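Everything numeric here is computed off the predicted structure, so don't read it as measured data. Quick note: residue numbers are just sequence positions, from 1. Just follow the structure's listing: the first ligand is 1, and inside any ligand the first atom is 1.
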Amino acid sequence: MSSIKKNDKIEVLSGREKGRQGKILKIFKEKDTALVERVNMVKRHTKPGGKAGQQGGIVEKEAPLKLSKVILVCPKCSKTTRIGYRFLDSGDKVRFCKKCSEQLDS
Ligand SMILES: [Zn+2]
C-alpha cells in the first residue's frame, strides 16, 4: 500500500525520469500507478476534426508511473522522505514526515 495522495509532491526514483519532481495529478489505486504533472510525458497522435475542431497532430500527455517508483517530497523540509503515521487526540490518523516529523495532513 502506498501512502502517496493526490496533490503530493514526489520525486521519481528510477527509470528514465529519475530525479524528476512533480505533483500527483491522479492516482489509479487498482493499478498502483499515478499521473504526475509534467513527468513521464508521452506523445500521442490526435486526429484532425473532433468536437473542438482541433488540428491533427501530436500532443504530449502524462503517462502513469508506478507508485513504487516514486517517493514523497516533504512540503515542510523539501527532502524525500518515507511517510509515518500517527493518531491525533481527535482519533484522526495523519501522515508525518520521517525526516522532520512535521505533519503532512491537516
Ligand atoms: Zn519533512
Side-chain angles (χ1 to χ4, degrees):
M1 274 304 277
S2 174
S3 12
I4 304 264
K5 291 182 179 177
K6 192 179 168 186
N7 293 326
D8 279 347
K9 192 179 170 191
I10 59 86
E11 184 171 312
V12 182
L13 292 170
S14 63
R16 77 183 165 99
E17 299 282 48
K18 189 178 174 184
R20 291 283 304 276
Q21 295 189 346
K23 191 177 78 173
I24 300 275
L25 297 175
K26 188 170 182 160
I27 291 183
F28 304 98
K29 274 193 176 154
E30 330 76 64
K31 291 180 179 166
D32 267 331
T33 59
L35 290 181
V36 185
E37 194 173 40
R38 303 298 303 164
V39 174
N40 205 28
M41 302 298 286
V42 291
K43 290 188 170 67
R44 294 260 162 82
H45 294 266
T46 57
K47 288 176 190 163
K51 298 167 207 138
Q54 306 120 312
Q55 293 189 315
I58 296 168
V59 289
E60 280 197 295
K61 266 186 89 172
E62 288 92 356
L65 277 172
K66 280 275 179 197
L67 282 170
S68 57
K69 284 188 174 182
V70 306
I71 188 166
L72 185 78
V73 177
C74 174
K76 304 282 169 25
C77 66
S78 298
K79 289 177 182 156
T80 54
T81 182
R82 293 180 60 101
I83 297 166
Y85 283 100
R86 64 185 166 216
F87 288 91
L88 301 178
D89 291 340
S90 62
D92 290 333
K93 188 179 172 188
V94 293
R95 301 177 304 163
F96 72 94
C97 168
K98 285 197 169 177
K99 292 253 168 80
C100 68
S101 293
E102 286 289 333
Q103 189 177 312
L104 298 169
D105 299 306
S106 49

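Annotation: the span from Lys98 atom NZ to Arg95 atom CZ amounts to 13.0 Å, rounded to 0.5 Å. Rounded to the nearest 0.5 Å, atoms CG (Leu104) and CD1 (Ile4) are 10.0 Å apart.
The 12-atom threshold is exceeded at CZ of Arg16, counting heavy atoms of other residues, nucleotides or ligands nearer than 6.0 Å. Residue Lys76 qualifies as enclosed at atom NZ: its count of foreign heavy atoms under 6.0 Å is above 12. The number of heavy atoms from other shown groups lying within 6.0 Å of CZ (Arg38) does not exceed 12.
Considering only heavy atoms from C-beta on, Glu102 stays 4.5 Å or farther from Phe96 through its side chain.
Protein atoms that are N, O or S and lie under 2.8 Å from the Zn ion (ligand 1) are these: Cys74 SG, Cys77 SG, Cys97 SG, Cys100 SG.
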